[in-house]
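Report on the structure given below.
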Amino acid sequence: MPVTLPEEDVLRERAAAVPLIGQLAGLAGWAGSEGRDLTKTCRLRLADARDLVRVLDTGDPVEQVRTSAELPRVNLLFAWAKQARLIRVAKGRVCAVAKARPLLADPLALWERAFEAFFELRGPLLGGPDGYDATSMLFDVYQDVLPDILNTLYSLPYPMPWPRLRDSVHLAYRMSFTLGGAPEREQRAWLLDADHDLRHVLDLLERLGAITREQGMADPVFLDTAFDEPPAGPQLPTGMPAELAQLLGSLPAVPDPSAAARAKELRAELASGPVELIRLTDLGTRAVRRRLIAQGRSAPLVGELTHTPAAGLLGVLAQEYDPEHAEAELAAWTAAHDSPGHARRLLLEAVRTTPFRTRAAALLDTLATVLPDGRELLRSLRGDADLAPTALTVLTQRGALDHEDLTDTEAALMVAESLLQLLDLGGEQALLEALLVQSRAEAETAIGAALASGHPDRAGLEALRDLADGPLHAKAAQLVRQNATGTRARRSTTKKRKHRR
């Protein structure tokens, strides 16, 4: 889905306003080029950690704290800054990374670095005090689920309701872990633990300024969506009792019979009242888009086609844009040219010179959809020597014209256009088969009308003429011989039956 984004200066101001970005920069500044001593286990010293609580305003309670490990927010920032390569640990000291100085001076670049580092924070986020003990199923699938969540938010035109997101992630757990054979009570406990961890991840994304959350009614599109759950997978949740793991591991993968019931519960939950709605911010949208592009995936941005040739513009709008974003993209493209009139002439010329009839119709249909006066434009082209057949086709497909509304000349043009489009789509064989569904005389009449229509595609008409003189004649003769042979065979069979009687 195409997206719209503010200018970079606006995004840079928004990144600078994110408190967490200031905390990361402040931590790097606190470490400094000279560095600070760490404990023997490479943790912050308690006095330094307490100082950071004050300097960075993390809100960690410091009363009765005996080690820095008991200050989770400071420790998360410390791990985050390391992962983002803002600080480094060496020889028992932590110091700022010299190469990160330009980054610290650019809030947007720093925000993007922090966002990318977030994907590698599974241990500090979900691994308990030592970073390794999994607290829920999310720990094992974090690096798969997090990109999927963000990509889903990016692709949706509506904010994602929390119940729908939650149950979608539950589906990921059911694909990765064998849950179906466990008692319902234990399954619910595992899922609740994972939900708690997912909430923690969303909290951090919100603090980073990548998502927003608010209360509201879910869009009706989510009420119509049910889950098609796959069979249970072969893996087992971390921390499952050994006896239960052994039992479940021996069970074959079978479809989950409760999937329909869960889908029904989800729809009821979404329809019952306001729910939490989650969407990407502009910062989050920009960052996810950059990741998609790096993966070689299409991620169109409104305004990026400003200098694209007219044919390329219409092609992208037809294939990838919804009407709303296509209108905005076309407006930006038009503004970049000399005048609206000049821009329209370029667009029509692109349709006029498109060699494939079906593509020309698709491009003209897209242009007529996006322009406010699109239908009037199509009607005005009925008298255009080159574009009349395409305009008539689009008008007819839209139901704006009936065959009774066509003049004899227009009707002949429509016959020619239909034959040429079929030749475009399926080639000579498909056209022959379509023509010979009717009688040979009707096929020859259709081609004759097309050849006499004055259709502007001269090369296409020549192809129809060659088809009529060669393959159509031969194919029709072959069918006549086959029919004659079949008739003789049926007569012979009838005579034999009468003779036996």
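Any value given below was found using the heavy atoms of this structure, including those in side chains, with hydrogens, waters and symmetry copies removed. Bear in mind the structure is a predicted one, so any value in this text is a computation, not a measurement.
Surrounding CD of Q143 are more than 12 heavy atoms belonging to other residues, nucleotides or ligands, all under 6.0 Å away. The local environment of CD in Q319 is crowded, with over 12 non-hydrogen atoms from other residues, nucleotides or ligands closer than 6.0 Å. Atom CZ of R188 has 12 or fewer heavy atoms from other residues, nucleotides or ligands within 6.0 Å.
Identified under the side-chain hydrogen bond (donor to acceptor under 3.5 Å, both in side chains) test for residues 296-307, with sequence neighbours left out: R289-E304, S298-E320. Contacts classified as ring-ring contact (aromatic ring centres under 6.0 Å, His included) and involving residues 328-356 (residues at least two apart or in different chains) are given here: W333-H337. Among pairs with a residue in residues 391-402, those fulfilling side-chain hydrogen bond (donor to acceptor under 3.5 Å, both in side chains) read D365-R398, T369-R398, at least two apart in sequence or across chains.
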**Request:** Determine, step by step, whether L38 and R93 satisfy the side-chain contact (heavy atoms from CB on, under 4.5 Å) criterion, reporting the C-alpha distance in whole Å, the side-chain angles of both residues, the deciding distance to 0.1 Å, and the verdict.
**Result:** CA-CA 5 Å; L38 298 174; R93 292 176 65 83; 5.7 Å; no
**Request:** Would you sort out whether L266 and R164 count as a side-chain contact (heavy atoms from CB on, under 4.5 Å), showing the intermediate values?
**Result:** CA-CA 7 Å; L266 173 62; R164 185 66 173 88; 3.7 Å; yes
**Message:** The test is side chain to side chain donor-acceptor pair (under 3.5 Å); show your working for D322 and H325 and say whether it passes.
**Reply:** CA-CA 6 Å; D322 59 274; H325 288 98; 2.7 Å; yes
**Request:** With side-chain contact (heavy atoms from CB on, under 4.5 Å) as the test, would you mind laying out the steps for Y173 and D140 before giving the verdict?
**Result:** CA-CA 10 Å; Y173 301 146; D140 290 325; over 6 Å; no
**Item:** L277/R213 under side-chain contact (heavy atoms from CB on, under 4.5 Å): CA gap, chis, key distance, verdict
**Value:** CA-CA 5 Å; L277 303 177; R213 294 186 286 181; over 6 Å; no
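The CG atom of D144 sits 11.0 Å away from atom CD1 of I149, with the distance rounded to the nearest 0.5 Å. We find the OG1-CD1 distance between T152 and I278 to be 11.5 Å, quoted to the nearest 0.5 Å. Here the CE atom belonging to M137 is positioned 8.0 Å from the CZ atom belonging to R174, to the nearest 0.5 angstrom. Remark: R279 CZ to L156 CG distance equals 10.0 Å, nearest 0.5 Å. Expressed to the nearest 0.5 Å, how far CG of L347 lies from OG1 of T334 amounts to 6.5 Å. Here the CG-CG distance, from L204 to L125, works out to 5.0 Å after rounding to the nearest 0.5 Å.
Side-chain atoms of S68 and R43, non-hydrogen and from C-beta on, do get closer than 4.5 Å to each other. Counting only heavy atoms from C-beta outward, the side chains of T390 and E417 approach each other to under 4.5 Å. Side-chain atoms of L330 and Y321, non-hydrogen and from C-beta on, never get closer than 4.5 Å to each other. Contact of the L377 side chain with the L348 side chain is registered, since non-hydrogen atoms from C-beta on lie closer than 4.5 Å. Residues P389 and P456 meet the side-chain proximity criterion, which asks for heavy atoms closer than 4.5 Å. L86 is listed as a side-chain neighbour of L110, based on a closest heavy-atom distance under 4.5 Å. In this structure, L27 and L52 have side chains that are in contact, with non-hydrogen atoms separated by less than 4.5 Å. Looking at L392 and R382, their side chains come closer than 4.5 Å, going by heavy atoms from C-beta outward.
For the residue pair C42 and V89, the shortest heavy atom distance occurs at SG-CG1, 4.2 Å. In this structure, L283 and G209 approach most closely via the heavy-atom pair CB-O, 3.9 Å. When all heavy atoms of P107 and I21 are compared, the closest pair comes out as O-CG2, 4.4 Å. A pairwise comparison of heavy atoms in A96 and A31 identifies N-CB, 3.9 Å as the closest pair. Of all heavy-atom pairs spanning A360 and T354, the tightest one is N-CG2, 3.8 Å. Nearest heavy atom pair, residue N75 against residue L71, reads ND2-O, 2.8 Å.
Remark: R36 qualifies as a cation-pi partner of W30 under the 6.0 Å distance and 45° angle criteria applied to the six-membered ring.
Checked against side chain to side chain contact (heavy atoms under 4.5 Å, CB included), D384 has the following partners two or more places apart in sequence or in another chain: R352, L381, D386, L387. Not a single side-chain hydrogen bond (donor to acceptor under 3.5 Å, both in side chains) links R345 to another residue, sequence neighbours left out. Here E276 pairs with R199 under the side-chain hydrogen bond (donor to acceptor under 3.5 Å, both in side chains) rule; sequence neighbours left out. Take T285 and apply the side chain to side chain contact (heavy atoms under 4.5 Å, CB included) test, not counting sequence neighbours, and it matches V3, L5, Y154, L280. Residues meeting the side-chain hydrogen bond (donor to acceptor under 3.5 Å, both in side chains) test with D148, sequence neighbours left out: none. Annotation: ring pair (Phe, Tyr, Trp, His ring centres under 6.0 Å) contacts of Y158 (sequence neighbours excluded): none. For D60, the side-chain hydrogen bond (donor to acceptor under 3.5 Å, both in side chains) partners at least two apart in sequence or on another chain are T58. Qualifying ring pair (Phe, Tyr, Trp, His ring centres under 6.0 Å) partners for F115, counting only residues two or more places apart in sequence or in other chains: W111, F119.
Aromatic ring centroids of F118 and W80 lie under 6.0 Å apart.
Side-chain contact, E116 with Q83: no donor N or O sits under 3.5 Å from an acceptor N or O. Judged by distance alone, the side chains of D197 and H200 never bring a donor and an acceptor atom under 3.5 Å apart.
Without hydrogens or angle criteria, R113 side chain to A84 main chain gives a donor-acceptor distance under 3.5 Å. Side chain of R88 to backbone of V97: no donor-acceptor contact under 3.5 angstrom is found. Under a 3.5 Å cut-off, the side chain of E206 and the backbone N or O of T212 do not form any donor-acceptor pair. Between the side chain of D373 and the main chain of E376, no donor-acceptor pair closer than 3.5 Å is present.
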Pair up each side-chain donor or acceptor in residues 12-20 with any protein partner under 3.5 Å, not counting sequence neighbours, and list the distances.
| from | atom 1 | to | atom 2 | distance (Å) |
| --- | --- | --- | --- | --- |
| R12 | NE | D106 | OD1 | 2.9 |
| R12 | NH1 | D9 | OD1 | 3.4 |
| R14 | NH1 | D282 | OD2 | 2.5 |

